[in-house]
Undergrad: 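Dropping a structure here in structure tokens format, bear with me for questions.
Every chain is numbered from 1 and lettered A, B, ... according to where its sequence line falls, protein lines coming before strand lines. Hydrogens, waters and symmetry mates are skipped; everything else that's a heavy atom, side chains included, is used.
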Protein chains: 2
Amino acid sequence: MKKQPVCNITTQCQARILAIKDAMEILSGKWKFHILGTLLLNEKMRFMDLLREVEGIAPKMLSKELQDMEMNQLITRTVINTKPITVEYALTAAGRTVEPLIDELASWGGAYRHALYNKKGR
Amino acid sequence: MKKQPVCNITTQCQARILAIKDAMEILSGKWKFHILGTLLLNEKMRFMDLLREVEGIAPKMLSKELQDMEMNQLITRTVINTKPITVEYALTAAGRTVEPLIDELASWGGAYRHALYNKKGR
DNA sequence: AGGTATAGTTACCTGAAGGTAACCAGTTTC
DNA sequence: GAAACTGGTTACCTTCAGGTAACTATACCT
């Protein structure tokens, strides 16, 4: 008799897996956390500000990531009618909810680095 | 005068960015969270168990991700001398520390889905 | 001797992610 | 009038993550 392909498919587990998949999809890519983290510190930022603050990002990537996140309603884009036109990006309420996640990620990364330093460092 | 390339490089920020980069690198990929989540539920699991539990993963990917995580000291691999040889995978103490992170990720994903459903659903 | 289990490995292929560089159009400053 | 600001777009190229399928070798069951 063949072994059953799965043992652990409770509805709870399935929902959890789906939630994780969602989160990973929405927050995927190299830059989103850095952009969101910067917006958490500064409230409203223009395109060129972000380009300077998020170290290493190219305008093309920044533009694409901002569009992604606007579509997913994490940020808003507002065109301001100044002399040279300016654009303001800001977090939405939904966008602000990533703060604990980013905190957790940062603290995990920090703790991990610290733990390895104590064990293997030299 | 050119604008300064950066305004926000406090040492705190730099450390935070580094920690996030670390975490993303170590936990990168489509499968690590699912594997870790499964190991959180089951303590000790064999290769074929994981292959069955982590829905959709191919043996090649599972093997590779397990090796990655063993190198990063998140899991242990123990060969057991049974009739047909078996291998047990289990979380290390460091591996168990991802639990809050996974919880946060899952709860964020769930909340996000819920929020969008209330706003745009239908 | 054929099917099942164990734990993987190997070769091949593809699509997406991301980097580089140049360019656009308008405006203010030097 | 040249340079630097504004906010991007476009084309091109490279890398790699990840998927598919087949295969290895040993051993138990019937």
Undergrad: Of all the nucleotides listed (C:dT9, D:dG18, C:dA7), which has the minimum atom distance to the side chain of B:M61?
TA: D:dG18
Undergrad: Working to the nearest 0.5 angstrom, can you tell me the gap between B:I35 CD1 and B:M61 CE?
TA: 8.0 Å
Undergrad: For the side chain of B:K30, starting at C-beta, report the closest nucleotide among C:dT6, C:dG18, D:dG19.
TA: D:dG19
Undergrad: Roughly how many Å is it from CD in B:E65 to P in D:dG18, rounded to a whole number?
TA: 6 Å
Undergrad: Ignoring hydrogens, what is the shortest heavy-atom contact between B:E104 and A:L101? Give both atom names and the distance.
TA: CG-CA, 3.7 Å
Undergrad: If hydrophobic clusters are built from ILVMFWY residues whose side chains come within less than 4.5 Å, do A:I80 and A:F47 share one?
TA: no
Undergrad: Return whichever of B:A58 or A:M48 has its heavy-atom-nearest nucleotide of DNA chain D closer to the 5' end.
TA: A:M48
Undergrad: Mind calculating the distance between CH2 (B:W31) and C1' (D:dG18) to the nearest angstrom?
TA: 10 Å
Undergrad: Nearest-Å distance, CD (B:E55) to P (D:dG18)?
TA: 18 Å
Undergrad: I need the NZ-C1' distance between B:K64 and D:dG18, as an integer number of Å.
TA: 8 Å
Undergrad: Using OP1 and OP2 only, check whether a side-chain N or O of B:S63 sits under 4.0 Å from C:dT9.
TA: yes
Undergrad: How long is the gap from CE on B:M69 to CG on B:N72, to the nearest 0.5 Å?
TA: 9.5 Å
Undergrad: Between A:K21 (side chain only) and A:I17 (backbone N and O only), is there a donor and an acceptor less than 3.5 Å apart?
TA: no
Undergrad: What is the distance from CG of B:L51 to P of D:dG19, rounded to the nearest Å?
TA: 13 Å
Undergrad: Check every strand shown and say whether A:Q67 touches a base, only sugar-phosphate, or nothing at a heavy-atom separation below 4.0 Å.
TA: sugar-phosphate
Undergrad: By the 4.0 Å heavy-atom rule, please label A:K60 as base, sugar-phosphate, or nothing.
TA: base
Undergrad: To the nearest Å, give me how far apart CZ (B:R52) and P (C:dA7) are.
TA: 8 Å
Undergrad: Measure the distance from CE on A:M45 to P on D:dT6 and round it to the nearest whole Å.
TA: 12 Å
Undergrad: Nearest of C:dG26, C:dT9, D:dG8 to any side-chain atom of A:P84?
TA: C:dG26
Undergrad: Give the nucleotide from the list C:dG18, D:dG8, C:dT6 with an atom nearest to the side chain of B:T86.
TA: C:dT6
Undergrad: The side chain of A:P59 lies closest to which of these nucleotides: C:dA7, D:dG8, D:dT6?
TA: D:dG8
Undergrad: Just the rounded figure in Å: distance from P of C:dA7 to CG of B:L62.
TA: 10 Å
